[in-house]
Participant: 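Before we start, here is the structure in question, set down as structure tokens.
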Amino acid sequence: MSRGGGRVVVQHLRERRRRGRDPGPPPYAWRDETASVFARDNAAELAVGRRAVTAASPWSLSPAALRRAPFTPRLVLPSPNGSAIAAAAGGSTVVAGCLRNASAVGRWLALHGHGTLERPLAVIAAGERWPDGSLRPGLEDLMGAGAVIAALQAAGGAGPLSPEAAAARTAFTGTPDAAGAVAACSSALELVRSGFADDVAIAVEVDASTTVPVLTDGAFSAGTRTYGSLLDGAVHTGPVHLMPPD
């Protein structure tokens, strides 16, 4: 795909392991001084790990925690999955999508002519990594990707689909209860057992949002809300910054 093509980054149940065990090349090391410096240089708050939330640092990658956190106009997300992918694809049009805003994203893509031979599109199911650094695919992100592709097709803006895109679409449309499947997948069950059932409940609110976050100048700006973005369920009015890759 040419660099001018579009990208939709899909991620749902993320960052559930302790950061000290996470391998791989995150855009910046989790909670190290460079992350704090990046946030400070951008006049932003820094999102911490789910278990690192405190009164002084209430913002985290947990959507439930973000719903409870006070408003901050700028937030840095040091995620090695969705944020890292989005930052690396910054030369393209990058949109954040998931089950929560799949229909809105599909309509937006069709309106702007993405998903055609003239404006090809990659829908990326972010997934995550196993402790040994190998890729850990996520059913939740496959379903989200399929939902976006199905919505784009319904809006009349997709085609022809690659075999991979068609398989993702079929995984979503062929599952009678996609939200239930995501809530019962291994990633969701790990979160529930760790005490983060609210995060799972938010992630499976299908089409709860009509906001389409678009990456602009290194930050996601989504008008008045970031529902359906990498910050599922958070309420903010300013940009959401991604830490650039190393």
Participant: Checking the side chain of Thr175 only, and the main-chain atoms of Ala171 only, is there a donor and an acceptor separated by less than 3.5 Å?
Facilitator: yes
Participant: Nearest 0.5 Å please: distance from the CD atom of Glu45 over to the OG1 atom of Thr72.
Facilitator: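 Result: 4.5 Å between the selected atoms.
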Participant: Is it true that Glu190 and Arg136 make a salt bridge, defined as a side-chain N closer than 4.0 Å to a carboxylate O?
Facilitator: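 Arg136 and Glu190: salt-bridged.
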Participant: Has Ser57 got a side-chain atom pairing as donor or acceptor with Thr54's backbone, closer than 3.5 angstrom?
Facilitator: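 Here the side-chain-to-backbone pair does not exist.
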Participant: Check whether Arg107 reaches the backbone of Leu152 with its side chain - one donor and one acceptor, N or O, closer than 3.5 Å.
Facilitator: no
Participant: Of all residues at least two apart in sequence or in a different chain, which pass the side-chain contact (heavy atoms from CB on, under 4.5 Å) check with Pro58?
Facilitator: Ala69, Pro70
Participant: Are any side-chain N or O atoms of Asn101 and backbone N or O atoms of Gly97, one a donor and one an acceptor, separated by less than 3.5 Å?
Facilitator: no
Participant: Could you tell me which residues satisfy side-chain contact (heavy atoms from CB on, under 4.5 Å) with Thr170, sequence neighbours excluded, listed by chain and number?
Facilitator: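 Once residues adjacent in sequence are excluded, Thr170 has no partner under the side-chain contact (heavy atoms from CB on, under 4.5 Å) criterion.
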Participant: In chain order, what residues pass the salt bridge (charged side-chain N to carboxylate O under 4.0 Å, His left out) check against Arg68, with sequence neighbours excluded?
Facilitator: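 Not a single residue meets the salt bridge (charged side-chain N to carboxylate O under 4.0 Å, His left out) criterion with Arg68.
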Participant: Nearest 0.5 angstrom please: Ser103 OG to Trp108 CH2, how far?
Facilitator: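 Nearest 0.5 Å value for the OG-CH2 distance: 16.0 Å.
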Participant: Val95 vs Leu215, test: side-chain contact (heavy atoms from CB on, under 4.5 Å). Steps then yes/no.
Facilitator: CA-CA 6 Å; Val95 175; Leu215 188 63; over 6 Å; no
Participant: How about Arg51 and Ser194: does a side-chain donor come under 3.5 Å of a side-chain acceptor?
Facilitator: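 Their side chains do contain a donor-acceptor pair, which is all the 3.5 Å distance test asks for.
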Participant: Quick one: CG on Leu66 to CD1 on Ile202, what's the gap to the nearest 0.5 Å?
Facilitator: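 Interatomic distance, Leu66 CG to Ile202 CD1, rounded to 0.5 Å: 8.5 Å.
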Participant: If only atom types and distance count, is the side chain of Asp199 paired as donor or acceptor with the main-chain N or O of Ser62 below 3.5 Å?
Facilitator: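 No, the answer is negative, given that no donor and acceptor are paired below the 3.5 Å cut-off.
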Participant: What pairs with Asp177 under side-chain contact (heavy atoms from CB on, under 4.5 Å), at least two apart in sequence or on another chain?
Facilitator: Ala179
Participant: Could you grab the distance from atom OG1 of Thr93 to atom CZ of Arg7, nearest 0.5 Å is fine?
Facilitator: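 If we round to the nearest 0.5 Å, Thr93:OG1 and Arg7:CZ are 9.5 Å apart.
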Participant: Working to the nearest 0.5 angstrom, can you tell me the gap between Leu46 CG and Ser36 OG?
Facilitator: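 Rounded to the nearest 0.5 Å, the CG-OG separation comes out at 5.5 Å.
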Participant: From Glu164 CD over to Leu142 CG, what is the distance, rounded to the nearest 0.5 angstrom?
Facilitator: 11.5 Å
Participant: What pairs with Glu205 under salt bridge (charged side-chain N to carboxylate O under 4.0 Å, His left out), at least two apart in sequence or on another chain?
Facilitator: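 Here the qualifying residues are Arg67, Arg100.
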Participant: Quick one: side chain to side chain donor-acceptor pair (under 3.5 Å) partners of Arg169, sequence neighbours excluded?
Facilitator: Gln153
Participant: So does Ser134 get a backbone contact from the side chain of Asp132, meaning a donor-acceptor N/O pair under 3.5 Å?
Facilitator: yes
